[in-house]
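One-based numbering along the sequence shown.
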Amino acid sequence: SDLDRTMLRWLVDRDIPRIVVGVKADKLSGNDRSKADRSLRKTFETAQDGVAPFLASAVTGLGMNELWRHIDEALSAHRDRND
């Protein structure tokens, strides 16, 4: 949505780490899920050394391990910079 793009631009302008995740992927059929994944990747550019956008669903678990892994990595990097 336009609000999502505005929020992303706000984060980028302030150099705040971010991960773009399409949620509720369980609501999509397999074909629609593939289209949504391609659309996310096309719409939201990935910064150099950044995380490419991906889909997730708390209901099915799709993408949740990846999401938690990226969050853990970001927290570890933040701690390392502040030690």
Side-chain angles (χ1 to χ4, degrees):
S1 74
D2 288 338
L3 183 57
D4 294 324
R5 284 186 269 291
T6 298
M7 185 64 195
L8 180 62
R9 175 60 34 215
W10 188 88
L11 292 168
V12 168
D13 290 347
R14 287 154 183 80
D15 199 29
I16 297 172
R18 62 249 165 224
I19 302 171
V20 176
V21 181
V23 296
K24 298 190 179 185
D26 56 284
K27 304 286 186 186
L28 303 172
S29 69
N31 192 37
D32 288 339
R33 194 175 305 126
S34 295
K35 288 179 185 177
D37 189 48
R38 282 192 302 273
S39 178
L40 262 181
R41 291 171 187 266
K42 182 179 176 183
T43 302
F44 297 103
E45 290 183 24
T46 303
Q48 185 176 351
D49 298 325
V51 176
F54 61 93
L55 297 175
S57 167
V59 173
T60 66
L62 173 73
M64 296 307 293
N65 287 339
E66 183 178 359
L67 178 58
W68 282 114
R69 181 173 49 84
H70 291 303
I71 291 170
D72 285 343
E73 289 171 359
L75 288 171
S76 291
H78 178 74
R79 276 190 226 111
D80 291 346
R81 281 192 307 272
N82 293 308
D83 282 344

Asker: Less than 4.5 Å apart, any side-chain heavy atom of M7 and any of L11?
Answerer: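 Side chain of M7 against side chain of L11, heavy atoms only: contact under 4.5 Å found.
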Asker: Look up atom NZ in K24 and atom CG in L62, then write down how far apart they are to the nearest 0.5 Å.
Answerer: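 Spacing of NZ (K24) from CG (L62) equals 15.0 Å.
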Asker: Tell me, do V20 and L40 make a side-chain contact under 4.5 Å, heavy atoms counted?
Answerer: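 Of all side-chain heavy-atom pairs linking L40 with V20, at least one is under 4.5 Å.
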Asker: So which atom in A56 and which in M64 form the shortest heavy-atom distance, rounded to 0.1 Å?
Answerer: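 For A56 and M64, the tightest heavy-atom pair comes out as CB-SD, 4.1 Å.
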Asker: Any heavy-atom pair between the side chains of K35 and N31 that's under 4.5 Å?
Answerer: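 With C-beta onward as the side chain, the pair touches.
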Asker: Is any NZ, NE, NH1 or NH2 atom of the basic residue among D2 and R5 found under 4.0 Å from an Asp or Glu carboxylate oxygen of the other?
Answerer: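 R5 and D2: salt-bridged.
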Asker: Between R14 (side chain) and V12 (backbone), is there a donor-acceptor pair under 3.5 Å?
Answerer: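 Not confirmed, R14 side chain does not pair with V12 backbone.
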Asker: Rounded to the nearest 0.5 Å, what separation is found between the CG atom of L8 and the CG atom of L3?
Answerer: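 Atom-to-atom, L8:CG and L3:CG are 11.5 Å apart.
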Asker: Under the criterion side-chain hydrogen bond (donor to acceptor under 3.5 Å, both in side chains), I'd like the reasoning laid out for D4 against S1: C-alpha separation, chi angles, the key distance, then a yes or no.
Answerer: CA-CA 5 Å; D4 294 324; S1 74; 3.1 Å; yes
Asker: Tell me if a side-chain donor or acceptor on D32 pairs with a main-chain N or O of L28 at a distance below 3.5 Å.
Answerer: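 No; zero donor-acceptor contacts below 3.5 Å.
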Asker: So how far is it from L55 CG to R38 CZ, rounded to the nearest 0.5 Å?
Answerer: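 L55 atom CG to R38 atom CZ measures 11.0 Å (nearest 0.5 Å).
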Asker: Looking only at non-hydrogen atoms, find the nearest pair between R41 and A52 and report the distance.
Answerer: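 Smallest interatomic distance, heavy atoms only, reads NH1-CB, 3.4 Å.
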Asker: How many angstroms lie between OG in S57 and CG in L67, if you round to the nearest 0.5 Å?
Answerer: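 Reported to 0.5 Å precision, the distance equals 11.5 Å.
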Asker: Are the side chains of P53 and T46 in touch, meaning some heavy atoms are under 4.5 Å apart?
Answerer: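 Answer yes - side chains close enough.
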Asker: Where do I19 and F54 land on the side chain to side chain contact (heavy atoms under 4.5 Å, CB included) test, with the steps shown first?
Answerer: CA-CA 9 Å; I19 302 171; F54 61 93; 3.7 Å; yes
Asker: Atom CG of residue position D72 - does it have more than 12 heavy atoms of other residues, nucleotides or ligands inside 6.0 Å?
Answerer: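 Yes.
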Asker: Salt bridge check: are D13 and R9 linked by an N-O gap of less than 4.0 Å?
Answerer: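 Salt bridge: yes.
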Asker: Other residues, nucleotides and ligands only: do more than 12 of their heavy atoms fall within 6.0 Å of CD on E73?
Answerer: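 More than 12 within 6.0 Å, yes.
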